[in-house]
Amino acid sequence: MTAASKIENLSVGSLRFLSRNPDFFASVTKPPAPASFYSTVSAQIEDQQKRFEYHNVATCIATLQRCAQRNDAVSGQQVHGFMVRKGFLDDSPRAVTSLVNMYAKCGLMRHAISVTGGSEDHERDVFGYNAIISGFVINGSPLDAMETYREMRAKGIFPDKYTFPSLLKGSHVMEASDVTKIHGLAFKLGFDSDCYVGSALVNSYLKFRLMEDAQKVFDEMPERDDSVLWNALVIGYSQNFRFEDALKVFVKMREEGVSLTRHTVTGVLSAFTVLADLDNGRSIHGLAVKTGSDSDIVVSNALIDMYGKSKCLEEAISIFEAMDERERDLFTWNSVLCVHDYCGDHDGALALFQKMLRSGRIRPDLVTLTTVLPTCGRLAALQQGREIHGYMIVNGLLNRNNSNDEFINNSLMDMYAKCGDLRDAQTVFDSMRSKDSASWNIMINGYGVQSCGELAWDMFSTMCKAGVKPDEITFVGLLQACNHSGFVSQGRKFLEEMERVYKIVPTSDHYTCVIDMLGRAGKLEEAYELAVAMPVEDSPVVWRSILSSCRLHGNTELAQVAGKRLYELEPEHCGGYVLMSNLYVEAGRYEQVSELRDAMRQQNVKKTPGSSWIEIKNDLHVFFTDDKTHPEYESILACLSPLTHHIMSICH
DNA sequence: GTAGGGTTAG
């Protein structure tokens, strides 16, 4: 039993008794602990007690603050006993407040409550209420804080300027009208011009997206030289996706000479991260270096995120490498893992994950695992994915009734589906108590890519019956499923119903799926007509798809049209040239082939050879076209040939 | 009194 839980096990009643009978405090047992630890702590406490004999209320308060910082309820309790004996609590509301804060910060709210009265003979004053309200908010019970505030108001006790910031910190569980009411009272009492109250009000309004109210509070502040006030506005606009306003505030802040803090830097960086605005992100990095805030761990994490989301993996890595290994926190690791995955370095992401585990400093949490699972999926690393699943079970990260359930299970399902293990994906899916649209989408897509069109289709019907609204992604999966299974008329029907029945406007992705489906099925004219007539802009993907269908069905005329458009859209990309070249080779038009090769040389287009690979017992085996270098080449071929023949016999 | 990380398609 830990010292803190031992104290928590004393009932509130017994503590009240202790407060009134100071001598009894002396008999409270010392914390149980291993001998070496015990002797050190006990020596420290005795030492402190000796010093207290000569000390006053002020030193007690200072000690309590240290106890709170160190989460050391045991020493705090010793100080408590001493203060009771000396009668320090009787005439110093500040002393009571420090004591309450100490218990609250150590997570012992029941003790905090008992110290500040609550009994009939010992009424709580505004200081006591402030401490309790703040304690509830610190300990994640903002509703209790609100209740305490109402009780205080009902007793006719007026809040002071310290009440509002604490109370408003829990405003995310309130109604917007509560904030307005609190604001009204702060105004009446004249506290709304206090900069702490002001920034708390700005923050609360921003949480409810009431930007104009927040801006008004800010504009009416008599003194605006406080960074926190500005930071609140910058961060608020940023989080509400009003990046231009965030930047305007930031620029104005600079003009007015308000000093930047690490909070300003992270706030404004998050705007540039979402916008993937590398140039401005870099400027902020420069500013962070100038002001010295780049050494802050949160700033470093935000920089990793910014560079990564701008696809500058190397710069993200250099920030990560420059950090002190002991500073790197969970956020750092999660950011750097996510960024590797985002930039397509899936191998790097898995290697880093292994490094994180080996370092032993930071334990992966659910965010880490939900980041790494899709990476496993993309690499088809089923074994690693399974190990992570096992880790989650062993560490009790699953089966918890938390709000992240869908997130985690969706990542697991996706990993299994991408690795081709649809049975396990389905098992996870079936075990989920609540499913969101992503859960259904993952299964629909999973069945779709495995050419299990009917199963994908069934999933879709069940999803609709379960009352989950399909979204854009659902239809991408569904149309893909039709494509892979050759359900041409059904695919066409879904595209038409999307807008008419489900009120979802098809995007270029949806058209691309259908065009690809039509092309593969040999309906080249129809595919071409749709590409020309569709109400969205055409993309290289569309024409590459048509081009490869032309090759499949030997249509050189349409191929030339598609090839021309593809060249207009992306002259530097090799895909179009390769497709055209193969097509000309098959048609025996070797003159055009050499023309194409010249064009490629002129444009400096290079073709990276495609490869496939498989991982067996931690060994990676890679294969290129016409590559006979594998030591087991002969036996692989012996297995492969009958399979190829079998597939061909089914297809024809 | 203020700040940072995660799932589904293409």
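Sequence lines set the chain letters: A, B, ... in the order given, protein chains first and strands last, and positions in each chain run from 1. All figures in this text were calculated on a predicted structure; none of them were measured in a lab.
- Comparing B:dT2, B:dT8, B:dG10 by their nearest atom to the side chain of A:His263 picks out B:dT2.
- Residues from residues 220-234 of chain A lying near DNA chain B, meaning a heavy-atom separation below 4.0 Å, are A:Asp226, A:Val228, A:Asn231 in numerical order.
- A:Lys181 NZ: 12 or fewer foreign heavy atoms inside a 6.0 Å radius.
- Within 4.0 Å of A:Arg378, counting heavy atoms only, lie sugar-phosphate atoms of the nucleic acid but no base atom.
- The pair A:Glu256-A:Lys252 meets the salt-bridge criterion, since a charged nitrogen lies less than 4.0 angstrom from a carboxylate oxygen.
- Applying salt bridge (Lys or Arg N to Asp or Glu O under 4.0 Å) to A:Arg378 and the options A:Asp414, A:Asp345, A:Asp341 leaves one that passes, A:Asp341.
- Side-chain atoms of A:Asp458 and A:Ser461 include no donor-acceptor pair closer than 3.5 Å.
- The closest side-chain donor-acceptor pair between A:Asn395 and A:Arg363 falls under 3.5 angstrom.
- By the 4.0 Å N-to-carboxylate-O rule, A:Arg262 lies too far from A:Asp294 to be salt-bridged with it.
- Between A:Asp245 and A:Asn240, the side chains place no donor N or O within less than 3.5 Å of an acceptor N or O (distance only, hydrogens not considered).
- A:Asn409 comes within 4.0 angstrom of no nucleic acid atom, judged by non-hydrogen atoms across all strands.
- Looking at the side chain of A:Pro165, the nearest of the listed nucleotides B:dT2, B:dG1, B:dT7 is B:dG1.
- Among the nucleotides B:dG6, B:dT2, B:dA9, the one closest to the side chain of A:Lys169 is B:dT2.
- For A:Leu366, taking side-chain heavy atoms from C-beta onward, the closest of the listed nucleotides B:dG6, B:dA3, B:dT7 is B:dG6.
- Only A:Ala438, A:Asn441, A:Ile442, A:Asn445, listed by number, bring a heavy atom of residues 438-445 of chain A to less than 4.0 angstrom from any atom of DNA chain B.
- Nearest to the side chain of A:Ser199, among B:dG6, B:dT8, B:dG1, sits B:dG1.
- Nearest to the side-chain atoms of A:Asn410 among the listed nucleotides B:dA9, B:dT8, B:dT7 stands B:dT7.
- Within the 4.0 angstrom heavy-atom criterion, base atoms lie near A:Ile473.
- Using a 4.0 Å heavy-atom cutoff across all strands shown, A:Lys161 reaches no nucleic acid atom at all.
- In this structure, A:Lys309 reaches the sugar-phosphate backbone alone: every heavy-atom distance under 4.0 Å involves primed, P, OP1 or OP2 atoms, never a base.
- Within the nucleic acid shown, A:Cys195 comes within 4.0 Å of at least one base atom, counting heavy atoms only.
- Side-chain proximity of A:Ile297 to B:dG4, B:dG6, B:dA3: nearest is B:dG4.
- Set against B:dT8, B:dG1, B:dT2, the side chain of A:Tyr196 has B:dG1 as its closest nucleotide.
- Side-chain proximity of A:Gln480 to B:dG10, B:dA3, B:dT7: nearest is B:dG10.
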